[in-house]
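Letters A, B, ... mirror the listed sequences (proteins, then strands); counts begin at 1. Atom set for the values below is all heavy atoms of this structure, side chains included, hydrogens, waters and symmetry mates excluded. Only a predicted model underlies this, so the values are computations on that prediction, with no experimental measurement involved.
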Protein chains: 2
Amino acid sequence: MKRPATHGVTLADVARMAGVSEITASRVMRDRGPIRAETRDKVLRAVAATGYVRNGLAGSLASARSNLVGVILPSHTNNVFPEVMAGIGQALSRSGYQPVVGVTDYDPATEEALVRSLLAWKPAAMILTGLEHTRETRRMLETASIRVAEIMDIDNRPIDLAIGFSHLEAGRASARHLLARGYRRIGYVGHDLDADLRAAARLKGLVDQLGEAGAPLERRHLTGGASSVQRGRSGLGALLAQHPDCDVVVFSNDDMAVGGVFHAMAEGMDVPGRLGLFGCNGLDIGQALPKPLSTLRANRQRIGEIAVERIVMDDGPETGPAIIDVGFEIVAGATA
Amino acid sequence: MKRPATHGVTLADVARMAGVSEITASRVMRDRGPIRAETRDKVLRAVAATGYVRNGLAGSLASARSNLVGVILPSHTNNVFPEVMAGIGQALSRSGYQPVVGVTDYDPATEEALVRSLLAWKPAAMILTGLEHTRETRRMLETASIRVAEIMDIDNRPIDLAIGFSHLEAGRASARHLLARGYRRIGYVGHDLDADLRAAARLKGLVDQLGEAGAPLERRHLTGGASSVQRGRSGLGALLAQHPDCDVVVFSNDDMAVGGVFHAMAEGMDVPGRLGLFGCNGLDIGQALPKPLSTLRANRQRIGEIAVERIVMDDGPETGPAIIDVGFEIVAGATA
DNA sequence: CTGTTAGCGCGTTCAA
DNA sequence: TTGAACGCGCTAACAG
């Protein structure tokens, strides 16, 4: 190797080698303004020869804009978030943006700290989950004068743009579905709902609607901790031990419900003859079961995509806080 | 509001309000050097009053270091990657670093483009998947003089540090397990292996070992496309249609294998009496099945954690390319 | 314990 | 179609 090429080839080096000014080289790098083809070639050759890599820090500092987008999600383990992340990631890469990711573990204080440190990168936009944040989180976001998308939930007033569906309504719709099927002794198996506000909202909708219909939800078992297939499985066992008379069980989400299906299988229980099972989320896995899971599905990947499309690609006039309801559908399935 | 507070409170503003120099304010922000408690308080008060948010772009540019770490993964949908991302994310946040994420869809050219754009942020380190990259990717990484971790695979020479296990050996170990159980008419159901080099390596190990044992792997079905529970389910159906005499089927991973289990359930097939089923990865879901899946497990979350610990927290002397083998274990399960 | 000086590597704004 | 001058907001390296 004739040159160690260790570190720090700058635009100035490239410009010098190409025999042009820095700004011209800069324009070539960014496809900006009119450049003679010959000049462009000289610069590109110099880039190749030096192995120049743009310094985004300097560029963004000078231009006061970056192509970073802050993304804050509650959890890595809950299967729905990899899916929305997939939607976000794909849409972002199409438009040349890059996600800087943080995970809150459902803790508002952690979220606040994350917002603060992500804002330090002067992101073009910020995507966060849910509509409940600390006062300081909201203040920082409002002050930053960047686009903000709050995803998953629409049951409250967003800072800028909310994309998702009403979890309250989802709970109600589940209840109506089960009532229509003739179920009356309804049970519920859930994970830790103090943290997962959206699962809690679905439960509230379920409880409200069932109460109004005169079939109150009295049979419940909460496992505590994050949702998982294992906890769904053990949770159903625990619920039935206490309330053997349930005719259907609703789970806080599909992971839990799949666990419930496995419990029923292991016990040789007839589903849905002896016991109906109902999930929430429409995960791939539930639909691949021998009997596809009855559940409620929203397109989570699409939520991520829409968030990106609206806040990083859109530059229409600001019209104040907006809400996009992507809706949900009851998947009849074969278990309830 | 007495002040729009829209945009751009700088360190200079804070310093002025606190009656100190910029560098002192800077030191307070970063907990650097000795500061009198009183001075620190004045600064912190000014920070609170102004709502100052540090500009990481300027800071990193000046100090030539950032707390960003580039993370490049092949896929969002393959369930193993959310798990390693969980390990990476947790370990990073503990040490105050933030991941900038890119997804290659198993394409080396996409990976190269990602490396180039992530390098623009002068990350403290870079984590990528596998040991196969384009020549230019390797060059950029070597030139960048940052720590590089290549995760998942150790069957080749790493740029700096490799963390994972030998997929070739994993395939061989699976073969030995099945042979020891007495299986001889072994089938295989896989997804698209052109892209997923590690699944391909496991298959090669499997084929080699079976060949050496005189029970060559002749019964195969490849579905094409990414792995999924659905494809595993349909794939097993297709394989058995062609080769009804299989006594055990190995799947390219656990998602596929769980699909296989569901197919067997739906057909009322006796597992493992009539047909054994064997996966790879040890996903939670496989272990929650009525009969826990027989599979091969590596601790993927730990791989992510170790990668971070070694390349961002470690500053021991460089000793050239290193390999960390986290190993794997055969999970006997109840399906093979 | 605190301050001064001097950039970091780019892009913006003008002018040519 | 190209360039010169300036500054983005912060921190390193000294001094004091």
Could you list the donor-acceptor pairs under 3.5 angstrom formed between side-chain atoms of residues 38-48 of chain A and any protein atom two or more places apart in sequence or on another chain?
unit_1: Arg40(A); atom_1: NH2; unit_2: Asp31(A); atom_2: OD1; d: 2.6

Which atom pairs, donor and acceptor, lie under 3.5 Å between side-chain atoms of residues 124-132 of chain B and protein residues at least two apart or in another chain?
unit_1: Thr129(B); atom_1: OG1; unit_2: Ile72(B); atom_2: O; d: 2.9
unit_1: Glu132(B); atom_1: OE2; unit_2: Asn156(B); atom_2: ND2; d: 3.3

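The stretch residues 69-80 of chain B participates, sequence neighbours left out, in no salt bridge (Lys or Arg N to Asp or Glu O under 4.0 Å) pair at all. Residues in residues 81-100 of chain B take part in these side chain to side chain donor-acceptor pair (under 3.5 Å) pairs, two or more places apart or across chains: Ser117(A)-Gln98(B), Trp121(A)-Gln98(B), Glu83(B)-Arg300(B), Gln90(B)-Gln301(B). Applying the salt bridge (Lys or Arg N to Asp or Glu O under 4.0 Å) rule to pairs touching residues 95-120 of chain A yields Glu112(A)-Arg116(A), Arg116(A)-Glu136(A), sequence neighbours excluded. A salt bridge (Lys or Arg N to Asp or Glu O under 4.0 Å) check over residues 63-76 of chain B, counting only residues at least two apart or in different chains, returns nothing.
For DNA chain C, the outermost nucleotides in 5' to 3' order that have an atom under 4.0 Å from a heavy atom of chain A are dG9(C) to dT13(C).
Every side chain to side chain contact (heavy atoms under 4.5 Å, CB included) that Asp196(A) has, sequence neighbours left out, goes to Asn78(A), Tyr106(A), His191(A), Arg198(A), Ala199(A). Take Asn79(B) and apply the side chain to side chain contact (heavy atoms under 4.5 Å, CB included) test, not counting sequence neighbours, and it matches Asn79(A), Asp255(B), Leu283(B). With sequence neighbours excluded, the residues satisfying ring pair (Phe, Tyr, Trp, His ring centres under 6.0 Å) with Phe165(B) are His167(B), Phe328(B).
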### Task
Any chance you could list the contact pattern along nucleotides 8-15 of chain D? Use B for base contacts, S for sugar-phosphate-only contacts and - for none, protein heavy atoms under 4.0 Å, 5' to 3'.
BBBSBBB-
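Atom CG of Asp41(A) and atom P of dT2(D) are 12 Å apart (whole Å).
Between the axis at the start and the axis at the end of the helix from dC1(C)-dG16(D) to dA16(C)-dT1(D) there is an angle of 20°, using five pairs per end and rounding to 10 degrees.
Thr134(A) and Arg138(A) form no side-chain donor-acceptor contact under 3.5 Å, judged by distance and modelled atom types alone.
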